[in-house]
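FYI, side chains are in, hydrogens and waters are out, and symmetry mates aren't considered; it's all heavy atoms of this structure. Throughout, a chain's letter reflects where its sequence line sits, starting with A, and its residues are numbered from 1.
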Protein chains: 2
Amino acid sequence: MRSEGERLAELAKRRGFFLQTAGAYGGVAGFYTYGPQGAGLKDNVENAWRDRFVTREGHMEVSSPDVMPAAVFEASGHLDGFDDMIVECPDCGESHRADHLVEDATGMEEVESLPPAEVADLLAAHDVACPTCGASLADEPVEEFNLMFRTNIGPGTSSPGYLRPETAQGIFVEFPQLAEYARNQLPFGVAQIGKAYRNEISPRKALVRVREFTQAELELFVDPETDEPALERVADVTLPLYSAADQGADDGGVEHLSVRRAVEEGVVADPWIAYYLGVSKGWYERVGVDMERFRFRQHLPGELAHYAADCWDAESEVDGDWIEITGFANRGDYDLRNHAEHSGEEFTVFKQYDEPITVERATVDPDMSVLGPEFGGAAGDVAAALEALAERDPDAFREAEDAVTVEVGDAAHEVPLEVTGFGVEEVTEAGEQVSPHVIEPSFGIGRLVYTVLAHALDRDEVDGEERTVLRLPPAVAPTTVGVFPLMAKDGLADRAREIAADLRAAGLSVTYDDAGAIGRRYRRQDEIGTPYCVTVDYDTLEDGTVTVRDRDTTDQRRVAADELPATVTGLAAGDVAFAEV
Amino acid sequence: MRSEGERLAELAKRRGFFLQTAGAYGGVAGFYTYGPQGAGLKDNVENAWRDRFVTREGHMEVSSPDVMPAAVFEASGHLDGFDDMIVECPDCGESHRADHLVEDATGMEEVESLPPAEVADLLAAHDVACPTCGASLADEPVEEFNLMFRTNIGPGTSSPGYLRPETAQGIFVEFPQLAEYARNQLPFGVAQIGKAYRNEISPRKALVRVREFTQAELELFVDPETDEPALERVADVTLPLYSAADQGADDGGVEHLSVRRAVEEGVVADPWIAYYLGVSKGWYERVGVDMERFRFRQHLPGELAHYAADCWDAESEVDGDWIEITGFANRGDYDLRNHAEHSGEEFTVFKQYDEPITVERATVDPDMSVLGPEFGGAAGDVAAALEALAERDPDAFREAEDAVTVEVGDAAHEVPLEVTGFGVEEVTEAGEQVSPHVIEPSFGIGRLVYTVLAHALDRDEVDGEERTVLRLPPAVAPTTVGVFPLMAKDGLADRAREIAADLRAAGLSVTYDDAGAIGRRYRRQDEIGTPYCVTVDYDTLEDGTVTVRDRDTTDQRRVAADELPATVTGLAAGDVAFAEV
């Protein structure tokens with residue numbers, strides 16, 4: 001009995017969904033090519049995402065390069081922090097994820113949060129062997145391996161570049177310009193669908209852990225003080241939540257809570273994340289994720305990415321494993337703050353007040369001709385300490401008898417009030433610089449495509465024969481309707497081609513097929529998930545009707561050919577049920 | 001007076017078409033980010049390409065990885081042959097294209113076809129100086145620099161990978177599987193839209209010479225013996241042709257010939273290339289290339305890529321320079337043959353005959369017990385020569401008196417007929433293995449976007465003020481219609497939002513804007529190329545009509561709001577002229 005993953009991989013290659021790249025050269029681990037059906041399905045999933053998360057939410061979409069210079073990843077923290085732990089076998093030379101080997105050997109969890117030396121100790125303590133050749137890894141060092149693909153930009157090696165590990169940095173690094181496009185009004189969202197790359201040590205499980213993949217990321221920039229999500233739009237959506245607390249509890253499991261209750265009870269602490277969990281759930285359902293094999297799981301503290309304050313994953317179950325298909329993170333001001341510091345540019349938004357406000361500002365103007373002789377080399381530090389004190393606690397000056405005390409290092413210094421030049425001025429402020437926080441739903445398109453295929457793959461029996469059928473929703477199926485002439489002769493093929501052209505003109509994705517027995521043609525479309533098939537027969541030439549067949553039930557209905565575009569459009573949109581045709 | 005390129009770059013950055021990536025870090029040469037308008041325009045161009053070159057031609061589309069293993073590029077010839085000539089300045093260390101420096105200094109053409117040593121001699125002979133610092137390059141070596149970005153797949157350096165220099169190889173390398181999807185029927189086409197990378201030594205001119213770009217490539221696999229294009233579909237299309245002969249002639253220029261005449265007169269020797277020139281020309285026009293600034297130019301012999309037998313480029317003129325926007329090449333069997341040789345797999349299609357045929361096949365079965373003693377070490381070569389002769393010229397055996405003569409090296413050997421084991425057998429063949437030839441139209445999407453923007457950029461005068469306007473065709477404009485309430489109050493904003501939603505529901509790309517004076521809102525849409533604007537005013541609340549404004553003429557018409565989706569759809573599709581509204 002083959003596993004779900006094996007059955008899927010076989011169908012995917014045979015029918016053109018996906019296959020390992022460069023099979024003629026033995027393939028290359030972690031790289032997959034989407035065949036014609038897979039490319040169509042992936043395109044449909046991307047367009048459905050764009051429609052829901054960009055167009056309907058009123059956000060912008062951009063497209064930045066895959067290769068980015070080192071400066072970007074110094075600032076983002078990926079050059080330092082985007083590592084996996086690696087151990088190399090002394091015998092066969094194969095490299096492995098050290099933390100995974102320890103987890104497999106001990107049943108421990110979150111081993112990646114431990115320091116490498118400790119993981120090396122665990123390899124030794126449990127005498128872990130190389131999974132490839134069986135040699136002992138007990139005395140081998142565990143090292144950090146950076147997961148970014150490195151290359152050189154231009155001739156020589158003086159200008160290193162990296163394949164981006166997430167599309168997000170291409171957005172963050174252009175924030176000053178993007179804020180202009182948004183007319184400096186928070187909140188605003190910027191999305192990107194594109195490739196990202198991670199040089200995984202051990203790629204595995206087909207499209208699940210690969211080295212090159214497609215992300216659809218939305219970076220929502222919000223004012224952390226004042227902006228709030230429109231929670232009421234999704235308040236009644238029920239979320240299957242697997243919180244960090246439940247993961248730690250003996251009897252913990254998935255809780256089903258409405259978005260409203262999840263926020264009220266603090267299960268999902270961040271209302272922005274709760275909003276996107278609510279929006280996403282309905283979307284997953286529409287593109288074909290089986291809600292019986294789906295949950296939202298909170299990250300455990302040790303799992304959090306280096307930039308994230310809180311994070312929930314959407315997970316789907318395939319072949320008994322839970323796969324992260326989306327990460328929902330509050331990245332705070334981590335990224336913009338770091339790019340501002342590293343580049344020296346402003347990564348803020350000027351927020352205008354409704355009315356200008358007048359504020360009192362305490363200032364000092366120390367008399368250095370007195371401080372100099374008095375404090376010598378420390379005079380500058382004393383002046384700076386006075387300035388900081390005035391800003392922090394102006395009353396220390398107002399209430400002082402005749403001197404204020406400031407601390408420089410371990411020493412306390414008394415400074416006569418009259419040499420501090422203390423004063424208060426009134427300042428009119430039109431607004432303030434706001435450092436936006438970032439809310440990020442980050443979708444892995446390949447994993448979603450894999451999930452949708454796995455959850456759609458089914459077997460049943462038709463006319464006494466076993467049938468393989470992909471129950472893809474019409475919204476994502478690569479082909480919406482197949483058109484077959486019963487025979488290729490007697491004008492049936494010409495009539496069928498006309499009907500196919502009419503369906504195409506209505507914006508539907510259509511396949512024409514006149515090769516082989518009609519039953520085989522149905523099976524072929526069943527296997528690629530085409531929801532409807534139309535057969536043109538001799539009656540069509542007589543009375544202008546055709547047979548429409550429903551993939552899932554194999555039920556058939558007779559429909560007038562000239563009503564066909566409207567009928568199939570209605571079926572595909574879910575406006576009409578097949579039984580009502 | 002700013003150049004066309006400068007005006008375009010300014011508008012592109014300010015309005016969100018494109019900007020140099022990572023400007024906060026000083027930018028990085030050859031990498032550009034598409035802003036919201038540019039990403040929308042690029043997406044529309046890609047979808048228009050997909051519609052014309054994939055869907056309407058009945059081809060397949062796939063998506064393969066950007067990173068590919070070294071074996072692929074050993075076979076494709078890119079590891080050896082995909083080089084530019086580089087010279088490094090001894091003073092400032094800057095690298096330059098050596099052939100370009102020679103061309104600039106001498107007015108010579110096609111310097112890239114010369115060997116590096118000769119180019120170094122030319123640098124010395126003309127005492128060429130470093131364009132950056134002025135130091136002499138006369139004594140500097142000229143070296144080949146491979147233009148592929150290199151990286152490592154997995155830990156260590158044992159598995160080099162390259163960023164693909166063209167999307168095509170991702171198709172060729174999967175040919176055996178793709179032929180299965182096409183049910184082994186030639187001709188069939190496989191398309192891919194995706195990133196490609198060239199580590200240019202001197203990137204320049206915005207989107208024209210960049211290091212990362214998007215290609216849309218179609219690889220059409222044909223039987224070179226029997227397949228022919230449907231030339232009649234495009235026979236009357238007039239092509240502006242600049243042939244290699246005309247480029248060499250003193251009085252040569254662009255000739256305007258129909259596809260039919262271009263083929264008949266042999267100006268375009270390859271009918272498949274002629275077919276795609278014809279199909280493409282109308283498509284360029286529809287997406288906004290100005291036909292007054294456009295030509296098809298044949299490659300000169302020295303320019304041909306290492307794989308191409310004949311090649312024509314589509315070129316557009318921007319800022320006085322001609323830019324290659326598409327290459328049309330007949331790649332012959334170069335790629336499939338090389339992948340077959342390097343991988344040891346079959347890259348052919350089995351072509352079944354209508355009826356099995358019976359052929360005579362001459363064979364030999366040499367008696368080695370005679371040849372061995374007679375020819376010693378050369379016996380094996382003699383046997384092979386007999387086999388080759390039987391295949392090439394069986395009559396040499398049939399007509400021989402009692403011996404045949406074969407040549408091995410310089411020596412001629414007589415072999416008695418009876419020891420050759422010559423015979424003729426009848427073989428039934430159901431078909432034959434065909435090595436398909438490849439016809440490739442390869443579009444540079446970024447250069448096309450750049451061309452379309454440059455050709456659309458215009459200035460005129462409206463109400464006595466100069467106006468900047470992008471005359472983008474509705475088919476590619478990022479936004480089709482802008483909707484403005486005259487004021488944001490009195491229910492006008494709500495009504496305008498309803499109208500915007502109705503237009504979106506009709507599948508149109510819509511922008512809603514209620515900020516600032518109406519004139520400024522029009523100007524903003526003019527600058528991003530939005531063809532139509534709708535204004536909702538107090539009359540709308542009274543009589544249900546709105547004002548529709550035409551970008552190009554600034555003419556206005558009053559239209560019933562409930563007819564608006566149909567009206568704008570008709571205008572955008574070109575079914576209705578604005579004057580008829």
Sort [X] into side chain, backbone, both or neither according to what part of it lies under 4.5 angstrom from a heavy atom of chain B.
| X | value |
| --- | --- |
| A:Glu212 | side chain |
| A:Asp43 | side chain |
| A:Tyr181 | side chain |
| A:Val28 | side chain |
| A:Arg183 | side chain |
| A:Phe175 | neither |
| A:Glu94 | neither |
| A:Tyr197 | side chain |
| A:His339 | both |
| A:Leu147 | neither |
| A:Arg56 | neither |

What distance do [X] atom [atom1] and [Y] atom [atom2] have between them, rounded to the nearest 0.5 Å?
| X | Y | atom1 | atom2 | value |
| --- | --- | --- | --- | --- |
| B:Arg198 | B:Leu163 | CZ | CG | 12.5 Å |
| B:Phe73 | B:Gln169 | CZ | CD | 6.5 Å |
| B:Arg97 | B:Glu200 | CZ | CD | 6.5 Å |
| B:Trp49 | B:Thr214 | CH2 | OG1 | 12.0 Å |
| B:Arg15 | A:Glu180 | CZ | CD | 10.5 Å |

Close side-chain approach of [X] and [Y], heavy atoms under 4.5 Å:
| X | Y | result |
| --- | --- | --- |
| B:Gln352 | B:Asn184 | no |
| A:Asn199 | A:Arg211 | yes |
| A:Glu174 | B:Leu19 | yes |

Among [options], single out the residue with the greatest number of heavy-atom pairs under 4.5 Å to chain A.
| options | value |
| --- | --- |
| B:Thr511, B:Val190, B:Asp513, B:Thr55 | B:Asp513 |
| B:Ala191, B:Ala24, B:Gly507 | B:Ala24 |
| B:Met60, B:Gln177, B:Glu345 | B:Gln177 |
| B:Tyr512, B:Tyr32, B:Phe18, B:Phe145 | B:Phe145 |
| B:Ala22, B:Gly38, B:Pro69, B:Gly35 | B:Ala22 |
| B:Gly26, B:Gly194, B:Ser64 | B:Ser64 |

Under the side-chain hydrogen bond (donor to acceptor under 3.5 Å, both in side chains) rule, what do B:Thr21 and B:Thr33 come out as? Steps first, then yes or no, please. CA-CA 5 Å; B:Thr21 297; B:Thr33 295; 2.8 Å; yes
Do you know which of [options] has the most heavy-atom pairs under 4.5 Å to chain B?
| options | value |
| --- | --- |
| A:Gly344, A:Pro36, A:Ser159 | A:Pro36 |
| A:Ala39, A:Ser202, A:Gly16, A:Ala515 | A:Gly16 |
| A:Ser343, A:Ser509, A:Ala29 | A:Ser343 |
| A:Ile153, A:Asp66, A:Leu178 | A:Asp66 |
| A:Phe213, A:Phe347, A:Phe31 | A:Phe31 |
| A:His342, A:Arg504, A:Lys13 | A:Lys13 |

Could you tell me which portion of B:Pro65 (side chain, backbone, both or neither) has an atom closer than 4.5 angstrom to a non-hydrogen atom of chain A?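 B:Pro65 touches chain A through backbone and side-chain heavy atoms alike.
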A:Met68 to A:Gly170 - nearest heavy-atom pair and separation: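 Nearest pair, atom of A:Met68 first, then A:Gly170: CE-CA, 3.6 Å.
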Any salt bridge linking B:Glu46 with B:Lys42? Criterion: basic side-chain nitrogen under 4.0 Å from a carboxylate oxygen.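 Salt bridge flag = yes for B:Lys42 with B:Glu46.
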Residues two or more places apart in sequence or in another chain: which of them pass side-chain hydrogen bond (donor to acceptor under 3.5 Å, both in side chains) with A:Glu346?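 Applying side-chain hydrogen bond (donor to acceptor under 3.5 Å, both in side chains) to A:Glu346 gives A:Thr348.
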Using the side-chain contact (heavy atoms from CB on, under 4.5 Å) rule, pick out the option among A:Glu144, A:Met148, A:Arg150 that qualifies with A:Asn146.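 In the set A:Glu144, A:Met148, A:Arg150, the residue that makes a side-chain contact (heavy atoms from CB on, under 4.5 Å) with A:Asn146 is A:Met148.
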Taking only residues two or more places apart in sequence, or in another chain, which ones meet B:Ser95 in a side-chain contact (heavy atoms from CB on, under 4.5 Å)?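 Expected list: A:Pro155, B:Ile86, B:Glu88, B:Ile201.
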